[in-house]
Amino acid sequence: EALACLGGSQQRQGFAYGMTLAGLELAARLMGPEALRVYSCRTPSGEPATARVVLHRPGARALDWMAGTRDEHLKTGATQQLLAFALDDLHRAGATAYDSCGADLEGVACAKLVWGGRLVPQYSVQGYDWRALRRLLGGGLRFLRHRAAVRRARRAASGAAAPAPPAAEE
């Protein structure tokens with residue numbers, strides 16, 4: 001059920017956790033239920049709405065590893081309710097702080113700020129191989145295409161609102 005919720009956010013935001021059910025089960029077996037905590041919130045009919053996977057060790061900062069909400073439950077308050085429950089549970093379990101981790105998506109950053117989070121730079125180091133280069137170039141190309149599309153849309157919108165210039169006389 002957690003993966004269904006995570007999948008909703010991945011598809012909507014255009015990223016991938018790369019987690020499978022087998023991988024999550026393996027992590028739970030290796031780390032144990034106290035260290036890998038899976039929180040989920042269901043609707044009254046039992047349908048999964050939102051989920052979070054948190055890494056925890058008593059006396060240390062808890063890490064919000066993965067989180068996701070199914071599209072139809074974005075505006076229900078389920079995400080906020082689950083986060084409030086998780087924070088309270090982690091505090092009782094001995095967490096000294098809570099790191100909500102990556103906020104590199106605008107909507108995620110805004111949600112974390114609402115909870116009093118502090119946004120900090122996050123860096124990633126990757127090796128030099130053809131895959132990393134392809135990802136970098138692909139990301140740059142997608143950015144340039146998006147920027148060009150935005151500029152075209154702005155020009156079209158401003159052109160539609162502005163009166164046409166008078167025709168030249170001969």
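All values below come from the heavy atoms of this structure, side chains included, with hydrogens, waters and symmetry mates left out. Numbering starts at 1 and runs along the sequence shown.
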Kindly give the cluster partners of Leu136, where membership spreads through any ILVMFWY side chain lying under 4.5 Å from a current member.
none

For Thr50 and Gly68, indicate whether the former's side chain and the latter's backbone hold a donor-acceptor pair under 3.5 Å.
yes

Donor-acceptor pairs under 3.5 Å, side chain of residues 30-39 to any protein atom, not counting sequence neighbours: which ones?
from  : atom 1 : to    : atom 2 : distance (Å)
Glu34 : OE1    : Arg37 : NH2    : 2.5
Arg37 : NE     : Glu34 : O      : 3.1
Arg37 : NH1    : Asp89 : OD2    : 2.6
Tyr39 : OH     : Asp89 : OD2    : 2.5

Rounded distance [0.5 Å steps], SG in Cys41 versus CD in Gln80:
10.0 Å

side-chain hydrogen bond (donor to acceptor under 3.5 Å, both in side chains) partners of residues 53-68, not counting sequence neighbours, each pair once:
Arg52-Asp64, Asp64-Tyr98

Do other residues, nucleotides or ligands put more than 12 heavy atoms under 6.0 Å from the CD atom of Glu72?
yes

Please determine whether residues Leu74 and Leu82 belong to a single hydrophobic cluster, defined as Ile, Leu, Val, Met, Phe, Trp and Tyr linked transitively by side-chain heavy-atom distances below 4.5 Å.
no

State which residues pass side-chain hydrogen bond (donor to acceptor under 3.5 Å, both in side chains) with Ser45; sequence neighbours excluded, sorted by chain then number.
Thr43

Which atoms form the tightest heavy-atom contact between Arg135 and Arg142, and what is the distance?
O-NH2, 4.4 Å

Taking only residues two or more places apart in sequence, or in another chain, which ones meet Arg152 in a salt bridge (Lys or Arg N to Asp or Glu O under 4.0 Å)?
none

Who pairs with Thr96 by side-chain hydrogen bond (donor to acceptor under 3.5 Å, both in side chains), at least two apart in sequence or on another chain?
none

Which heavy atom of Ser158 sits nearest a heavy atom of Arg155, and at what distance?
OG-O, 3.1 Å

So for atom CZ, which belongs to Arg154, do other residues, nucleotides or ligands contribute more than 12 heavy atoms lying within a distance under 6.0 Å?
no

What about Met19 and Leu21, same hydrophobic cluster or not, with Ile/Leu/Val/Met/Phe/Trp/Tyr joined at side-chain heavy-atom distances under 4.5 Å?
yes

Between Ala62 and Val54, which heavy-atom pair has the shortest distance, and what is it?
CB-CG1, 4.0 Å

Going through the checks in order, is the side-chain contact (heavy atoms from CB on, under 4.5 Å) test met by Leu24 and Met66?
CA-CA 11 Å; Leu24 192 56; Met66 296 184 285; 4.1 Å; yes

